[in-house]
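Written below as structure tokens is the structure these notes are about.
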Amino acid sequence: MPDITKAYEPSTVESKWYAQWLESGLFSAKADSPKPAYSIVIPPPNVTGVLTLGHVLNNTIQDILARKARMDGKEVLWLPGTDHAGIATQTVVEKTLKKQGLIRHRNDLGRDRFLEKVWEWKEKHGGIIIQQLKKLGCSCDWSRERFTMDPAYARCVQRVFVDLHQKGLIYRGKRMVNWCPVSLTALSDEEVVMKQQSGLLYYFKVEVEERPGTFLTIATTRPETIPGDTAVAVNPNDERYASLIGSHVIRPFPEDLPAERRRIPIIGDGHVDFQFGTGVLKVTPAHDKADFEIGLRHKLEVLDVMNPDGSMNALAGSAWEGLDRVKARKLAAERLKDLGQLEKEEPYQNNVGFSERADVPVEPRLSEQWFLRYPSQDKSRSAVESGALKFHPERWAKVYGHWMGNLQDWCISRQLWWGHRIPVWYHNQTREVHCGLEAPADAACWTQDPDVLDTWFSAWLWPFATMGWPDNTDTLKRFYPTTDLVTGPDILFFWVARMIMAGFEYMGEMPFLNVYFTGIIRDKQGRKMSKSLGNSPDPLDLIALYGADALRFGVIRAAPLGQDVLFDEQQVELGRNFCNKLWNASRFRQLQGGQTEGEIAPELLTPDDKWILLKLDRAIVEMSEALEGYRFNEGAQVLYRFFWSEYCDWYVEATKAVFQGADDQRKANTLAVIDFILSNVLRLFHPYLPFITEELWNSLEYNQELPADQGGASIMTARWPKRLGTEFREFYGLDESDEQLVDLRCEFVTAGRNLRRHAHIPSGKKVRYVFKPSGEITPHDSNVLKLLLNAELVDVLPGYDAPKGTPVAASPMGELFLPLDGLIDIEGETARLSKELGKIEAEMEKVNQKLASPSFIEKVPAAVLEEHRKRLIDWTAKQGQVKAALEALVNP
RNA sequence: GCGCGCUUAGCUCAGUGGUAGAGCAUUACCUUCACACGGUAGGGGUCGCAGGUUCGAAACCUGCAGCGCGCACCA
């Protein structure tokens, strides 16, 4: 048996075991295994990303599920991989090259050479996050690791595109899209986040041409788009303006254009809300989605006055050309003032769409893009609605349903280079379109579409494209649909919903049976973790400092189902302390020596043994139920409570009475109980704390004599603890009364310890207690009492007549005195007992009130009534004891 | 505007009808031979507010308030 160090040192233990797990192939899933299948696909992190606390939470949960499933005897596939993350990766590489002074723009390199650089970058940084997941202990099947740009995967993406194109669900069209002026690409609606901005609402007036002297006042937040206005709209039901429909106004800009070329019509459109502003709307079809719709209805000209980067173009007039839109806005307002057309400016709060990635306002922009009408919508909706596909927590199903009910076509083309290129070619002369897996035979006559696909257009195929689709592979047959998906609610639309639709469309089945949504990790103040705030600790630093197990435990313990997690490093510290406790409790076992996992003899079991076995039983039940219900934080709390507050605080202390005694038979039996408990505890802990449990499982030799696939090779393969069945309970004579008895004794001991404090006796000093039992007491029990009370001795004196005023603790077990040899603090003791009496009588009052109510007696269930009556009896007895003690103080 | 969530000890949060809990922080004592990454004992809560249901509500219902999030083309 190797020695166990005094404090747990995780780093060497963790790297040792991870290497060994990999070597023994314990993570790899066998498609031909006879065991029932369990599978998860990892939400693929950005290939050039680094591990965040969000990843820690997410992947720890997946690892818990995977490890638990293995212990349940399942064949487990946890399929890992990474995502190419189009915009993010391309931006990072381009920025780096610029910083190094190698390019000023990616055009300097050209598409092919730039892509070479991105691949170089990927080779260099792409493995980092995978290595970090390994440090965390993730039991992924690394032999099946996938990347969304792998050739086979890319083929799947193209195949799906071609198929959806053939089905007519993918189409190309000139439409208003969300345009990111920094990334210079179209975005999907999901990549736009609305932010409230405080801006100004500008009111300017224009004269109605046909009615000189009549002015219309228009309210706008974006006067810089005036050069793009091609109409002014009013509501046809608005009495104020209806008569003006058909007349014209002259828009103020661009001033270098003659007035007759700035003449625009006044139109009537129901979209205009006459409650808002002045009820007059300027219509800019090229720069506003709603205006574009109005333009379609009225066949208005579309005048694009901006460049792709958000600066104004020549059509905005020579005065503004090249200026950024924000500068132009100021200029426009000033100029309107000069012209005498600006009536007023009002502070105004409005919602502006921001590019999620670049964090700049998006520009609605008319451009030619590829769109997808989602497939398999109905099946996907009803799968969740009916509960066939379950969300945890359930409330996300409603959000999903709402989104599914309002599906907008998905803009899937991106003006980027890094990604899956659209498999479409245009004929150089005829403009004929070819969509296929291969380029047309006479490739020279064709030009491929320059755009790539939205990253999510590859990610939505993840559950089956990683398993060998479109071939019907063994892996696919065995592990699809997957069992659980663990992800954040922030990608419910981006990824989860789309995967469901792709799953139905291409596999005819949902891609997973359950989706667990984690919370979002925030800092102590509730702010999201972000690089710019610098409030995001590096998980690897935390692992180096506290250990991976500690980090896992700390994070999971603080992460309730469906709630955001306020992260605090103290939680990790708690995890470390807990591991250390586990370590030392095992060390205590090891220091006792003796045979490993001896037989437990029922006739030698003490009440403490029975008590801890029953507590273990409860922990097994609660732990199993917590994991069933995805309540991982509850599981951590169950383990914490059982192991620390029950096993260590009470049971281990009580066993010292045995180990310090001379009864070798009983010592051996106690060791057998300890081994039984610990071997169960380690298995219960293993999904949360994989490393330390493996280390202890081996050093305590619980792996001995077990078949390799049932814990012999590794605790990973050990069986999940089963609750102690009736047979077990009967054989060992376990009974609820044992549990209650020891529970009662714990309270009694606490009360006894409390006496020392009130007598101002240092807690380290050994003292003499006198115990006046109310019934029989065994020598073993009095030994345990002595030990738990840290007493020099406990005199058991059934007929003890205490000197007046001796501090006493009362219990149904009897009375415990702390004789003080004349040093009695009458005043202090009176105060203590009076306070206790007060508490007792307050409790009695509460119970009495209930019992005094006739309707209570009539309506309450018998068991509850019985329990209340018993409670009253107990309190009354205690009241008697305390009253007597007080009496003795007052009348010595 | 619609929808969802939250409000319990100083802090972070458990607790879905029957004696208010945990961790951290705090107070006092203890370097007792598993563990100071520890031990022992304690202090601290009218469970956001107002009604209602019930023998009984932190929990169930209604309303209100505050905070947070999602969805929504109001310029």
Side-chain angles (χ1 to χ4, degrees), chain A residues 4 6-8 176 194 201 218-222 233 271-273 275-284 288-294 348 350-351 353 364 393 395-396 398-399 402-403 406 489-490 492-493 520 524 526 546 550 554 557-560 562-568 570-571 573-592 631 633-634 637 640-641 645 648-649 652-653 656 660 750-751 753-758 760-766 789-790 843 846-847 849-850 853-861 863-865 867-868 871 875:
Chain A
I4 301 186
K6 195 167 168 179
Y8 176 53
M176 289 301 284
M194 299 308 270
L201 194 55
I218 303 171
T220 180
T221 53
R222 303 199 62 189
H271 168 79
V272 180
D273 174 1
Q275 308 284 344
F276 186 87
T278 58
V280 186
L281 174 69
K282 70 188 216 44
V283 183
T284 326
D288 184 282
K289 214 175 164 189
D291 289 7
F292 180 73
E293 303 289 329
I294 295 176
Y348 185 65
N350 64 337
N351 289 322
R395 65 188 158 90
W396 293 110
K398 214 168 180 178
V399 179
H402 186 254
W403 188 77
N406 296 283
D490 47 337
L492 170 56
F493 310 141
I520 291 167
K524 264 192 277 192
Y546 300 105
R557 191 180 162 285
Q563 222 81 305
D564 286 355
V565 186
L566 296 203
F567 179 82
D568 186 336
Q570 275 185 347
Q571 288 153 352
E573 203 176 317
L574 176 125
R576 179 202 54 183
N577 295 353
F578 188 68
C579 288
N580 194 56
K581 191 75 176 177
L582 183 59
W583 184 258
N584 274 291
S586 303
R587 187 158 163 263
F588 172 79
R589 161 63 187 95
Q590 204 168 41
L591 291 172
Q592 306 309 321
R631 296 186 305 271
N633 73 314
E634 200 179 298
Q637 277 167 29
Y640 195 102
R641 184 208 65 216
S645 309
C648 290
D649 285 355
V652 170
E653 293 307 316
K656 289 177 183 171
Q660 287 169 16
T750 301
R753 287 165 174 170
N754 193 4
L755 296 179
R756 318 166 69 105
R757 173 179 145 86
H758 281 91
H760 304 294
I761 298 169
S763 48
K765 193 176 176 209
K766 296 211 184 275
L789 287 164
N790 192 28
E843 291 300 331
K846 275 199 254 178
V847 184
Q849 256 179 17
K850 284 192 181 183
S853 153
S855 51
F856 178 79
I857 308 237
E858 270 171 43
K859 294 185 181 173
V860 86
V864 177
L865 182 61
E867 194 267 330
H868 275 76
R871 210 188 289 169
W875 285 123

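In what follows, chains carry the letters A, B, and so on, assigned in the order in which the sequence lines appear, proteins first and then strands, with residues in each chain numbered from 1. On a predicted model such as this, the values are computed, not experimentally measured, just so you know.
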Phosphate oxygens OP1/OP2 of G39(B): is one of them under 4.0 Å from a side-chain N or O of Lys581(A)?
yes
Using a 4.0 Å heavy-atom cut-off across all strands, classify Asn754(A) as base, sugar-phosphate, or nothing.
sugar-phosphate
Using a cut-off of 4.0 Å on non-hydrogen atoms, how would the nucleic acid contact of Cys648(A) be classed: base, sugar-phosphate, or nothing?
base
Starting at atom CG of Asn633(A), determine the distance to atom P of U12(B), rounded to an integer number of angstrom.
17 Å
Is any side-chain N or O of Lys6(A) closer than 4.0 Å to OP1 or OP2 of C35(B)?
yes
Test side chain to side chain contact (heavy atoms under 4.5 Å, CB included) applied to Phe493(A) - qualifying residues, sequence neighbours left out
Glu190(A), Val399(A), Trp403(A)
Counting any heavy atom closer than 4.0 Å, what does Asn351(A) reach on the DNA or RNA strands: base, sugar-phosphate only, or nothing?
base
What contact category does His760(A) fall into here, base, sugar-phosphate, or nothing, at under 4.0 angstrom with non-hydrogen atoms?
nothing
Kindly write out the residues that satisfy salt bridge (charged side-chain N to carboxylate O under 4.0 Å, His left out) with Lys656(A), not counting sequence neighbours, or none if the list is empty.
Glu653(A)
Checking all strands, does Arg395(A) fall into the base, sugar-phosphate, or nothing category for heavy-atom contacts under 4.0 angstrom?
sugar-phosphate
Residue whose nearest RNA chain B nucleotide is more 5′ - Gln275(A) or Thr750(A)
Thr750(A)
Pairwise C1' distance for G52(B) and G45(B), with rounding to whole Å:
25 Å
So, do Arg222(A) and Thr284(A) sit near enough that their side-chain heavy atoms are less than 4.5 Å apart?
no
Mind calculating the distance between CH2 (Trp396(A)) and P (C69(B)) to the nearest angstrom?
12 Å
Show your reasoning for whether salt bridge (Lys or Arg N to Asp or Glu O under 4.0 Å) applies to Arg871(A) and Glu867(A).
CA-CA 6 Å; Arg871(A) 210 188 289 169; Glu867(A) 194 267 330; 2.7 Å; yes
May I ask you to say what Glu653(A) touches in the nucleic acid, namely base, sugar-phosphate or nothing, with a heavy-atom cut-off under 4.0 Å?
base
Sorted by chain and residue number, the salt bridge (charged side-chain N to carboxylate O under 4.0 Å, His left out) partners of Arg757(A) (sequence neighbours excluded) come out as none
Toss me the dot-bracket line for RNA chain B: Watson-Crick and G-U wobble, both under 3.5 Å, 5' to 3', using | for pairs to another strand and [ ] for crossers.
((((((((.[[[[.)..(..]]]].(((((.......))))).....[[[[[..)....]]]]])))))))....
To the nearest angstrom, the CD1-C1' distance between Ile520(A) and G70(B) comes to 11 Å
Rounded to whole angstrom, note down the P distance from C60(B) over to A41(B).
35 Å
Have a look at Val652(A) and say if it touches a base, only the backbone sugar-phosphate, or nothing, with a 4.0 Å heavy-atom cut-off.
base
Run the ring pair (Phe, Tyr, Trp, His ring centres under 6.0 Å) test against Tyr546(A) and tell me which residues pass, sequence neighbours left out.
none
I'd like to compare against my own output: the B/S/- annotation of nucleotides 15-24 of chain B with a strict under-4.0 Å heavy-atom distance to protein.
---BBS-SSS
Sugar-phosphate only, base, or nothing, as touched by Val283(A) at under 4.0 Å among non-hydrogen atoms:
nothing
What's the gap between A25(B) and U12(B) when it is taken at their P atoms, as a whole Å value?
15 Å
Look at the side-chain N and O atoms of Lys765(A) and state whether any lies under 4.0 Å from the OP1 or OP2 oxygen of C29(B).
no
Rounded to whole Å, please give me the gap between NZ in Lys656(A) and C1' in A34(B).
7 Å
I want to confirm an ordering. Mapping Gln571(A) and Val399(A) to their closest nucleotides on RNA chain B, which one lands closer to the 5' end?
Gln571(A)
Where do Ala559(A) and Val565(A) come nearest, in terms of heavy atoms and distance?
CB-CG2, 3.5 Å
Could you go through Leu281(A) and Asp291(A), starting from their C-alpha distance and side-chain angles, then the distance that decides it, and tell me whether this counts as side chain to side chain contact (heavy atoms under 4.5 Å, CB included)?
CA-CA 9 Å; Leu281(A) 174 69; Asp291(A) 289 7; 4.1 Å; yes
Figure out the CG/P separation between Leu789(A) and A41(B), and round it to whole Å.
10 Å
Would you kindly give the CG-to-P distance between Asp490(A) and G68(B), to the nearest whole Å?
19 Å
How would you label the contact of Tyr348(A) with the nucleic acid (heavy atoms, under 4.0 Å): base, sugar-phosphate, or nothing?
sugar-phosphate
Is there side-chain contact between His868(A) and Phe856(A), with heavy atoms separated by less than 4.5 Å?
yes
Could you give the CG-to-P distance, from Asn584(A) to C35(B), as a whole number of Å?
6 Å
Minimal heavy-atom distance between Phe276(A) and Leu201(A), with the atoms involved, is CZ-CD2, 4.5 Å
